[in-house]
Structures are given as C-alpha cells and as structure tokens.
Protein chains: 2
Amino acid sequence: MSGKPEPKRTDGPAPAVDDRSVAARLFAILDAFAAPAGATSLTLTLTAIAQRAGLPLSTTHRLVAEWVGWGGLTKHDNGQYSLGMKLWELGVQTPTARNLRTIALPYLEDLYETTREHVHLAILDGRDALYLEKLSGHHAVRLISRVGARLPLHSTGVGLVLLAYAPSDVVQQYLATGLQRFLPRTVTEPDAVRKRLAEIRLLGLARMSEEMTAGSSSIAAPIRDRTGQVVAAVSIVTRTTDIVDPEQEQAVRLAAQGVSRALGYRRAQQ
Amino acid sequence: MSGKPEPKRTDGPAPAVDDRSVAARLFAILDAFAAPAGATSLTLTLTAIAQRAGLPLSTTHRLVAEWVGWGGLTKHDNGQYSLGMKLWELGVQTPTARNLRTIALPYLEDLYETTREHVHLAILDGRDALYLEKLSGHHAVRLISRVGARLPLHSTGVGLVLLAYAPSDVVQQYLATGLQRFLPRTVTEPDAVRKRLAEIRLLGLARMSEEMTAGSSSIAAPIRDRTGQVVAAVSIVTRTTDIVDPEQEQAVRLAAQGVSRALGYRRAQQ
DNA sequence: ACCAGAACTTCCACTGAATGGAAGCGGATG
DNA sequence: CATCCGCTTCCATTCAGTGGAAGTTCTGGT
C-alpha cells in the first residue's frame, strides 16, 4: 500500500524507472538511426544516440560498443556513428525483399529502358507503401522516394494500387484516419478514394497526377503471386503532361504481368 | 568455503558457463540466419536457431520473441522464422552501401544496356569482395554472386581489382593465407597473383577467365572517390570466349569512370 | 597559452533482470 | 492409444547489466 519503498529518490520530474529489457534498449539505439523521410542517412554522436534512444550516456556507451563489435554500427574517424555493413548484409537477405527483388529486377530494367522514367517497386507494409527498388537514369527528376522509403498509400501510384487490392478491413482502417493532403490535387476524401480504388480494380492500373510531388505523375500496376494475390506494385513516375500516353501505360502493364508470371501467376480470367 | 556452493551439478562434459553478454546472444541469433554461399535465404525453426546460436532453448525462445517484437525476425504461419523487414529497412540505410549504390546505379544500368551481361558492383570488406549490386537480364548465366554475397578476392574480377589497389599490408596478409583453387585456371600462387596485380594497376582493368565459375569470364575496373582512392569495383561477367572484346572493355572502363566522376574524382594524371 | 565547457570513457557497488532446468502443452506419427 | 518431438511457460537463483560519478580528452573562445 501507499508508496513503494523507494530508496532515497529526491522528488524531481518523475524518474519513471526504465523497464525496457536489454534487447529493447539495443533496438532503441538502432531506431535512433532511422532516417526520417527522404533525408540522407544519419550519422550520430554518442550523446545524440543517447538522447534519441532515451538512455543514460554510460549505458548507451556500453551498448553502442556491443553493436560496433558485431558490425551493426560503425564508428567513424570523427567519432560519429552510423549503421554498419553487417546490418546491410543481413538486411538484403530478408526473404520477402530479396526474392521479389531478384525476380522483378530484369523486368524493371526493361521498363526503365523502354520508358526512361523512374521505376518503382513497392509492397504494402502496415499503413505504408514500402519501396523495395527504384531505378532512375542520370537526368532524373528529384523525387522523395528511395529504396527503403515509406510513403502514404493514398498519394502514390504504387500505394493506391496496393490499397485497391488490399483486404477490405485494411482499406477501412486506412481511410478511417485522416488522410494528409500534400498538394491541392491530393485526393483525401474517403469516398472519393474508394471510388478511385474501384476504378483501379476495373482498369488494372492507377493514374496519379500531382498528388505527392509537384510536376510529377505516375502510372502503377499490380503484381500478383501464384495464388493470384496482389503482393506488390510497379510504377513509373513521369513529368506531368495532360495527355495520357497509351504506350507508357502498356509498358507498365507488361512489366507487372512479366513479374507476375515469373512469380508463378497464371491469370485465371480475362 | 572451498568450492562454490553449486546447487547439484552432475559433473558432465564441461558445463563451460557461457559468458556472452545479452547483446552477443542476440547477435548470435541473427548470425544463425546468415546464408552460407549462394543459397536461398534461410528459414529456421526455434530449435534450429538454438542449435546454430549455441543457446538453450528457453533463452532462445525469449530472445527470438524480442527480435520478432521489434521486427528483426518474422514468424511465419508454419512456425518457422526468417529475417524481418525491419532489418531490411535499416540495412538499406547503411551509408556506404546506400550512397555508393545510389550514385552508381545509373551507370551500371548503362553498362548493362550496352553489354547485356551481368553487371557487378563490389567493395573490399575484410578479406572478401562484398557485392553491393548485381544487374542481370532474363537470359542470365547462372552465377554464385548475388547482392550481399562475399566472394574471394583472388578469383573474381572485382576482387582482383580491389586487391590491386589495396594497401600493401592488406595484400601481404591476404596472400599469406593459402588461396583456394576453384577451377584449374584459378591463380593461387602468391607471386603470380602479385604479378597480375601489377598488370591490373598498369592497365586499369582486370581480365579473368574461368577462375571461379566454369564457362564465365569477367572484366573489371576500379572506381575512385574524390580523394583518388579506389573504393569499389565494377565488372561484367560474360560467357568465356577466346577473343578479347575491346568494346566491352571500353564499356566497363567508361562505367567505372562515370561513377568515379560522380563521386567527385577528377583524374590527376593521364 | 590558458581556461571553460562539452563530449566521451572508465569505474564499481548494487540489484533486479536475465537465465535455464524442468515441467507442461500440443500436435504429428506409427 | 501411446510415443515422440518441438514449443511454451514457470520461477528460484545469481550474476550481468546498470548508471551515477569521477576521470579524461577534445574543442574553441579569449
């Protein structure tokens, strides 16, 4: 009853004992390096890591040393830390990413060659479109997307395609939360989005225009696995024009079909 | 006093208390998933993880749960575990890999388009060539290399280039250990390798033939950063022919120069 | 050159989180 | 139905991890 038998705590601003496990603390350290949006990858000092992870400096010091020893973090000459190659090495072995990427890459290359536009490959992960691959030429319009980026489902071509073929409860939940408007043309009204999703399912293709990045539009199509489930989406992002280019749309469709076939999909109908 | 008040340990085969830290045990679990050579990515049962990591089952159970909770491992329906997307997500943010890849990719695409051969991008990491990127078309000769793979320095094109421009003590150490012979034509004799390295430095290009995989040859060239240091190597792998193709060699050289220039290198001499 | 301050590293007594043996569970196999 | 094998849960024991504090190094201001 009453207060716990705390030793000698000077009131202060809620010490709030940290009941995270060692593992959770180790993870918190890595999470401190998660790059925010489309920024360059982070490089942090020990103190910065400690702050971001909410850990005492000495604990951070010890745990960071463990990460460095294993290769999950690297210490640079200037004393800053960044994510280490070991992490990259294990990361690229993750089955979902690796298998899809390996199979899809040749088709993405073809698509890039025929269109010379940014090519994206993304999957649905939680409430986001997670970008697995991105090909772009030298010219390349500046985009926020990059490999490993998470972008909203309702404002990107791949995102909308993924949402269009997602289980209805996922759609329900996604639309329930307020959708952010990035540009005047971003569609954020739930019912309007629903109507779009139906059109996408009908057409087997999504067309976006100026909803995430000014001056750029995109065309996206679904990729299916052997069971017919949509598991990913491909897209190209072009400079916005008013005319629909049937050749580009056909190229995206073909790429998506190619990958689907390589994944073992044999289209049932149509 | 005498012996510790051990509870009731039956002698047995050296209990050998495990003095690994919690962190080390967590890492051992991830390391259990490191795919051996060119195999498909692993999927393991709890028991298998425990064995590979050398941990008691109950400890493994608890720590694996921590990884799953964070997203570093994923539990599949069948009860098997594999590396998780979180790992991939953080992994692709690793600066070295990300920066080099982003800058190099357009040039690698060009190289692929002009040659239609496997294109590799690798860096020197420890005693291995670590493959950062690999592009291949549909036809594609079967190769052991893949993104994230580690292959020997003396039997691959990129490896030999990296070794040629490595600090002399690295070369020293590498050659000191016995070099494995994969095929009859693999050069393993230290002095012969040294001679090759000198030729590569002179020519700015490496030519390999049937030293790792039967029927395939490769042409590799060095990539330099702004300081002039060789930081990576590009190569194409072709079906072995007896004639040297100057166009292919020129294409590899151009790609390497393009990436170098994009990295800020302005060649000093030549 | 000197000093102040910040950032990092090391130390160590205390303690509660991690450990792992054992028992319980559940589903596959014969 | 019995057995095996792999997974999950439990909990008393203890030692690894903790973090405050002191020591050290680096930075930059005057």
Side-chain angles (χ1 to χ4, degrees), chain A residues 3-30 32-33 42-70 72-82, chain B residues 1 3-30 32 42-70 72-82:
Chain A
K4 324 98 189 179
E6 68 223 81
K8 55 181 172 200
R9 190 169 293 150
T10 64
D11 55 302
V17 287
D18 186 348
D19 61 349
R20 282 181 288 181
S21 64
V22 183
R25 291 166 208 227
L26 281 165
F27 300 154
I29 287 176
L30 274 206
F33 286 88
L42 289 180
T43 228
L44 300 172
T45 66
L46 191 64
T47 313
I49 300 172
Q51 280 171 352
R52 286 168 163 257
L55 291 172
L57 192 59
S58 55
T59 301
T60 308
H61 181 255
R62 197 161 17 84
L63 296 184
V64 164
E66 298 261 21
W67 277 118
V68 172
W70 181 64
L73 292 179
T74 304
K75 185 172 191 172
H76 297 263
D77 308 324
N78 58 24
Q80 306 244 76
Y81 295 87
S82 67
Chain B
M1 37 178 80
K4 328 98 188 178
E6 70 220 83
K8 58 186 169 194
R9 188 170 293 150
T10 61
D11 55 304
V17 286
D18 186 348
D19 62 349
R20 282 181 287 183
S21 65
V22 183
R25 290 165 208 230
L26 281 164
F27 300 153
I29 286 176
L30 275 206
L42 286 180
T43 231
L44 298 173
T45 65
L46 190 64
T47 313
I49 299 173
Q51 280 170 350
R52 285 168 164 256
L55 291 171
L57 191 58
S58 56
T59 302
T60 308
H61 182 254
R62 196 161 18 82
L63 297 184
V64 163
E66 298 261 21
W67 278 118
V68 172
W70 181 65
L73 292 179
T74 304
K75 185 172 190 171
H76 297 264
D77 308 324
N78 57 25
Q80 305 244 77
Y81 294 88
S82 68

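Below, read A as the first sequence line, B as the second, and so on, with proteins coming before strands; counting in each chain starts at 1.
- In this structure, CG of L26(A) is placed 11 Å from C1' of dG17(D), rounded to the nearest angstrom.
- Rounding to the nearest 0.5 Å places CZ of R52(A) at 13.0 Å from OG1 of T47(A).
- Rounded to whole Å, the distance from CD on Q51(A) to C1' on dA7(C) is 11 Å.
- Rounding to whole angstrom units, CZ of residue R20(A) and C1' of dT18(D) are separated by 13 Å.
- The CD-P distance, from Q80(A) to dA6(C), rounds to 18 Å in whole Å.
- Summarising the geometry, the separation between CD1 on I49(A) and P on dA7(C) is reported as 14 Å, rounded to the nearest angstrom.
- Taking only side-chain atoms of P56(A), from C-beta outward, the nucleotide of dG20(C), dC8(C), dG19(D) with the closest atom is dG19(D).
- Between Y81(A) atom OH and T43(A) atom OG1 the span is 11.5 Å, to the nearest 0.5 Å.
- The distance from atom CG of L42(A) to atom CD of Q80(A), rounded to the nearest 0.5 Å, is 10.0 Å.
- In this structure a side-chain-to-backbone donor-acceptor pair under 3.5 Å is present from R25(B) to R20(B).
- In this structure, R62(B) reaches the dT19(C) phosphate: one of its side-chain N or O atoms is under 4.0 Å from OP1 or OP2.
- If you measure from atom CG of L44(A) to atom P of dA7(C), you get 14 Å, rounded to the nearest angstrom.
- Between the side chain of S58(A) and the base of dG20(D) there is at least one donor-acceptor pair of N/O atoms closer than 3.5 Å.
- Put simply, K75(B) has a side-chain N or O that comes within less than 4.0 Å of OP1 or OP2 on dT8(D).
- Nearest-nucleotide assignment on DNA chain C puts the 5′-proximal partner with A48(A), out of S21(A) and A48(A).
- Relative to the side chain of H61(B), the nucleotides dT8(D), dG17(D), dA7(C) differ in distance, and dT8(D) lies closest.
- Not a single donor-acceptor contact under 3.5 angstrom links the side-chain atoms of T59(A) to the base of dG17(D).
- Atom-to-atom, CD of E66(B) to P of dT8(D) comes out at 15 Å; the value is rounded to the nearest Å.
- Taking the side chain of Y81(B) as heavy atoms from C-beta on, and the options dA18(C), dT8(D), dT9(C), the nearest nucleotide is dT8(D).
- Nucleic acid contact for L55(B): none, since no nucleic acid atom lies under 4.0 Å from a heavy atom of the residue.
- The aromatic rings of F27(A) and W67(B) sit tilted relative to each other, their planes meeting at an angle between 30° and 60°.
- Straight-line distance from the CG atom of L57(B) to the P atom of dG21(C): 11 Å, rounded to whole Å.
- As judged by a 4.0 angstrom heavy-atom cut-off over every strand, R25(A) is placed among residues touching the sugar-phosphate backbone only.
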